[in-house]
Amino acid sequence: MIGFAARRLLQALIVMLVVALLAFTMFRFVGDPINQMVGIETSIEEREALRERLGLNDPVPIQFLRFAAKAARFDFGTSYQFRQPVSELFAKRIPATLELSFVSALFALLIGVPMGIYAGLNRHSPLSKLFLSVSLVGISLPTFFIGILLIFLFSVTLQWLPSFGRGETVQIGSWWTTGFLTVSGLKALILPSITLGLYQMTLIMRLIRAEMLEVIRTDYIKFARARGLPNRLVHFRHALKNTLVPVVTITGLQLGSIIAFATITETVFQWPGMGLMFLQAVQNVDIPIMSAYLILTAFLFVAINFIVDILYFFIDPRLRVGRP
Amino acid sequence: MPYVSNEEAKSAVQDRTDAQPAPGRLARLADSDIFHSFLRSKITVVAAFVTLVLFALALLAPWVAPHNPFDLASISILDARVPPVWMEYADPRFLLGTDDQGRDLLSGIFYGMRISLIVGFCSVFAAAAIGITLGLIAGYVGGRTDALIMRIADVQLTFPAILIALLIDGIANGIFGGLDRKVYAFYILIASLALSFWVQYARTVRGSTMVEKNKEYVQAARVIGIPSVIIMARHILPNVMGPVLVIATINLALAIVTEATLSFLGVGMPPTQPSLGTLIAVGNDFLYSGEWWIAIFPGLALALLVLNVNLLGDWLRDALNPKLR
Amino acid sequence: MSVLEIKDLTVEFPSRRSVFVAVDDVTLNVEAGKILGVVGESGAGKSTVGNAVIGLLQEPGQISHGEVFLHGKRIDNLKDREKRRLRGRRIGMIFQDPLTSLDPLQTVESQLVETIRTHLPLSRKEARERAVDLIASVGIPDPRERIKQYPHQFSGGMRQRVVIALALCAEPELVIADEPTTALDVSIQAQILELMKRLCEERGVAMLVITHDMGVIAEITDHVAVMYRGRLVEYGETGQVLGAPGHPYTKSLISAVPRPDIKVERFPAVNYIEEAGTPQNQLDIATHWLGKTQNYENVVGPLVRIDDLSMRFETRGSIFPSRRKYFQAVKNVSFNIEEGETFGLVGESGSGKSTIARLITGLYQPSGGSILFGSTELTSLRNRADVLSMRRQMQMIFQDPYSSLNARMRVSDIVAEPIRFHRLASDNRQVRQIVDDLLDHVGLGAAAGRKFPHEFSGGQRQRISIARALATRPRFLICDEPTSALDVSIQAQILNLLKDLQEELGLTMLFISHDLAVIRQMCNRVGVMRHGELCEVAECDTLFEAPQHDYTRELLRLMPSMDLLSRANLETA
């Protein structure tokens, strides 16, 4: 177990290093950082002084190490657009994105998993076919268009729910703000989280259905039926548990991508999260925010994948107990 | 062991049909299980028809569209934001109404679909070319080459396509900052889509290649003395193309959606060469003022196109999966 | 009284084109404590009989006619729910492949306990006790410890014992075993058969054994039913049917079974079955392209000398050499193959015999030792022209006819590829002529070239493989289990073809098989392999009559006895 976890941790660390290298390359070589930081009237001597102070004249590997060390403390310097420390900008916006992603993931799992199991076990039932058709529409509608449709229907036409922003938020601790504790905050969450969760939900449903169909065809399921085990046992103890092995992996990946897809939803709903900020950074070539976002999302993905790997270890005895 | 007893009945049926003489290529296709499963699934036939119609409309846009939205002489700002014909204040010239600059929405959709499809096809081809090549090499050569390619793929896979496309676009903005977006947007878009989708092809092709590599027909070719490059191209490639075709179809839908999303976010096609996503982005600003059609119609066209391509992809996956037959 | 009675059973599989009758009007009885064997080749419908009895026919199969009785009570028309109550409780089932029959995520105990408690009103604790007893009774040592383990911790033979224990959980009256030993090695097969026989007698269980293997039938069954294309062609006491078969199909089937005790020059032609495959035009080998000798070097002494050959595979990679783990597939093996002879390699799965074939053909690089072909050292061959010349001189025929041909190429292109690649013909017309002649010569007819591999049956595909191997005009042919995937009657034809070709063309052959009986029919000299080591090399007849090594003796002892098979048949058929 410890060896297994250590190996995975090492792999995660390597991924983070590669990502940091990418972020550094972007920071250092896309445009001249000095030009972005100073005005046109700054003299060449002042620029040189700033360059020296920032260590941009040091050898590149040393610059990278310094960058990585700072990145580990989430210090990415100052945003070109806002002239504020990047870490402060992110601290303000992380809660909004995480709350949205959490509610969406919950929505996707709680609805997607049962639908997938049902459709896998009852392949020919009309309800499964309905699920499948709905899911196909779900993956065919682009996320942003779902958002637009929902806004058009529930905000513009019916005027039931707000179309932008987080509503009222409550501050918890020194920097976390939550929308969970006010009515307007909760109402503001509904449309964005459905928009964000719908695509993941259909994906999870289709995945579980496909895996279920694969597992149902295996010999050990046939043998379980031939032993006269009731359907309840065959389906849930044998089929579902074997389905979980691949499903957990891919679901983990999907949940990770929710955070990235939040960028789109945040744009449609003007949700004050870090995705919206990242998009503005992309349009304005605000490299510090781009690299910070890259490293932060990479860290979240890697963390999720690590947890998934550990889960995997508990589900599958073949990883746990060796052959005699 | 080949004594898979439950397959006996099936293989016996197979044997009987095999006994017939070999008919021509077309006759074989018409008689094949794939073609039959196509005809049996009514929804697939409809989807194929709709897809063909949409492709034709898009490709022939300059000839079939009622107006040319790029002809500045023919558009008038006085015609701006005219609603569709069945509403009040409509203009019979504009079936689905006009956008904020007085361009006919229906024609705009045809032209936009054309750009969406061109971007979609180009990026799918580019992604498939990169992915298939790397996947074949990784799977066939194995060892360190394989490890290197697949680690790159793994790292990339942790990031969703949309994020990679956004990053590449951001970097391009930084590098080509001085140039007009119009010049490079198209190529950057294709490059970023191709670079975000190649992993799927590479992983699938690598997996199938590793299976095929150990099959005896490949070993037989090696025993004959045929060099690796020819074995990969002539023997393995045709045998791994089935899954690639499925991915490519589903990928086309995904590429169209991603392109639309990027354009919607303002980092894709510029308003001077609008794709469907750009049209929706423009229309989104008028949603609250009651001019819903400017966003909704291009959106529905996009959804219709993607849905039908997805339907075809779904059917193709099931039809090519021997286990589900 | 019969435990199981099958009356006039007909099972149909409707398909797009036609209705396929898998089982046609079959009537059988099984008595308590007795074993009935159902034997037949692929497509005979024998598995469908078992599936029909237990009510697990694959879609869209259906019983269209006939009745099935269990202890006099009709069971084929029961509702699904009632059928499920029979399964496991009154009818147990044993599947072919123990590696895939058990849920990999559950311990053996939990699979046993859930099955016991589904059928018997026992507490969890009682069920657990019973599970331990069962595991002990199927001959698994340390039952209390091993029952806590997961399936992947058991070997194939042990897993099949667990499968048998699961089938016996609720003391069923009838057990259906579908190819119970096909996936197992000879030595383990013998143990499992013995176990089944013992359990059947001790517990008074009626058993229906479905198999393609005459050896299994001869070894354990009391009665035998021979099926051919869905129909029952012969049914009676095992000794009676095997000793004095009445139906021509049974006769030809028995005559096609290779025997470890008798060597025949040729198998009797079995035309009853299909595609006997005789050439349309007799080739005059002396003048034909195929017979023209190439300027191969003259060899004094053995054609192939293998000396101290070793091969290890890395099973766990690591950047630290000390932490790498290896599997030693071939250990210091030495033997010679004389020009013109057939040298046999025999051994169980994993004994390294196929690895040796792949080392000689250059598919693997050995980790030690030398392979001398004539005067050329193969392991140090670097020059591309030399490599190609060697490739041309030795060819290989593979085991699996379904994967050894590229499904996307026409048969004529498959056979032409080596000729074109090595530029063995002057122009395209000559290539086409040679391909047609080759296909005709292996008994397929020249028209076969226009088709694709999937249009052929297993035996026909193996003929295509042989034609492809001949297309380089090799002098040395390696046959790696060339018939182990084929039905016994087809095997007889392919073995005959190989013998004919060897005689005509003066080929030297390395013949690899797990089946001692086949080895006996084909080889001049034999090497016995075990765990990567060569135990014994001897003249074929000497090996079978006076084996020296303990392992050889053990293998011979475990061969299913063929004494029941009629000797007379060999001459008459």
Side-chain angles (χ1 to χ4, degrees), chain A residues 1-4 6-8 10-11 13-14 121-125 208 211-249 311-324, chain C residues 50-51 53-56 58-59 80-107 110-112 114-119 142 145-146 148-155 158-159 162-163 166-170 172 175-176 178 183:
Chain A
M1 166 72 198
I2 290 176
F4 178 82
R7 245 193 334 273
R8 289 299 142 121
L10 189 74
Q11 282 172 6
L13 220 68
I14 293 172
L121 291 177
N122 306 287
R123 190 176 165 200
H124 297 292
S125 94
I208 292 192
E211 281 302 330
M212 217 50 175
L213 289 178
E214 279 296 286
V215 170
I216 290 283
R217 305 177 54 85
T218 56
D219 278 358
Y220 54 82
I221 295 297
K222 283 186 205 148
F223 187 46
R225 286 192 202 286
R227 298 203 300 271
L229 295 184
N231 281 337
R232 179 177 47 84
L233 280 184
V234 175
H235 292 164
F236 294 101
R237 186 180 295 172
H238 294 286
L240 186 60
K241 205 170 168 197
N242 276 283
T243 309
L244 279 182
V245 178
V247 163
V248 162
T249 325
L311 272 181
Y312 209 93
F313 187 81
F314 282 105
I315 296 173
D316 194 340
R318 284 165 292 190
L319 291 177
R320 210 162 51 224
V321 235
R323 281 155 211 280
Chain C
N51 290 339
V53 170
I54 203 164
L56 286 176
Q58 269 204 322
E59 300 266 319
D80 279 353
R81 175 185 276 276
E82 292 164 329
K83 269 187 192 163
R84 202 179 63 221
R85 234 170 260 154
L86 286 179
R87 278 181 227 141
R89 178 71 192 87
R90 300 184 61 193
I91 308 177
M93 185 101 190
I94 299 168
F95 280 169
Q96 173 185 352
D97 190 352
L99 298 184
T100 56
S101 294
L102 298 170
D103 184 342
L105 303 187
Q106 311 274 342
T107 59
S110 98
Q111 300 190 45
L112 278 162
E114 72 178 359
T115 314
I116 293 168
R117 295 197 63 199
T118 299
H119 297 296
D142 303 328
E145 311 297 315
R146 304 239 38 197
K148 305 276 182 208
Q149 297 184 333
Y150 289 93
H152 73 272
Q153 294 169 287
F154 289 79
S155 67
M158 283 295 159
R159 272 193 236 190
V162 174
V163 169
L166 276 165
L168 295 175
C169 267
V175 169
I176 300 174
D178 192 347

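Lettering of chains follows the sequences in order, A, B, ..., and the numbering in each one begins at 1. Keep in mind the model is a prediction, meaning the values are calculated, not measured.
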Which of C:Gly88, C:Ser101, C:Gly55 touches chain A most, by non-hydrogen pairs under 4.5 Å: C:Ser101

Top contributor to chain A contacts, counting heavy-atom pairs under 4.5 Å, from C:Lys83, C:Arg85, C:Arg81, C:Gln106: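 Most pairs with chain A among the choices: C:Gln106.
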
Close side-chain approach of C:Thr100 and A:Phe223, heavy atoms under 4.5 Å: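 C:Thr100 vs A:Phe223: side chains apart.
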
C:Arg84 side chain near A:Asn231 side chain, heavy-atom distance below 4.5 Å: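 Yes, side chains in contact.
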
Non-hydrogen atoms of [X] and [Y] that approach each other most closely:
X: A:Pro230; Y: C:Thr118; result: CD-CG2, 3.4 Å
X: C:Ile54; Y: A:Ala226; result: CD1-O, 4.0 Å
X: A:Pro317; Y: C:Leu105; result: CD-CD2, 3.4 Å
X: C:Asp103; Y: A:Tyr220; result: N-CB, 3.5 Å

Chain C contact via A:Leu229 - side chain, backbone, both or neither, heavy atoms under 4.5 Å: both

Distance, nearest 0.5 Å, that separates OG1 of A:Thr218 from CG of C:Leu102: 11.0 Å

side-chain contact (heavy atoms from CB on, under 4.5 Å) partner of A:Arg227, chosen from C:Glu114, C:Met93, C:Arg89: C:Glu114

Under 4.5 Å from a heavy atom of chain A, the part of C:Ile91 involved: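 Contact with chain A involves the backbone of C:Ile91 alone.
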
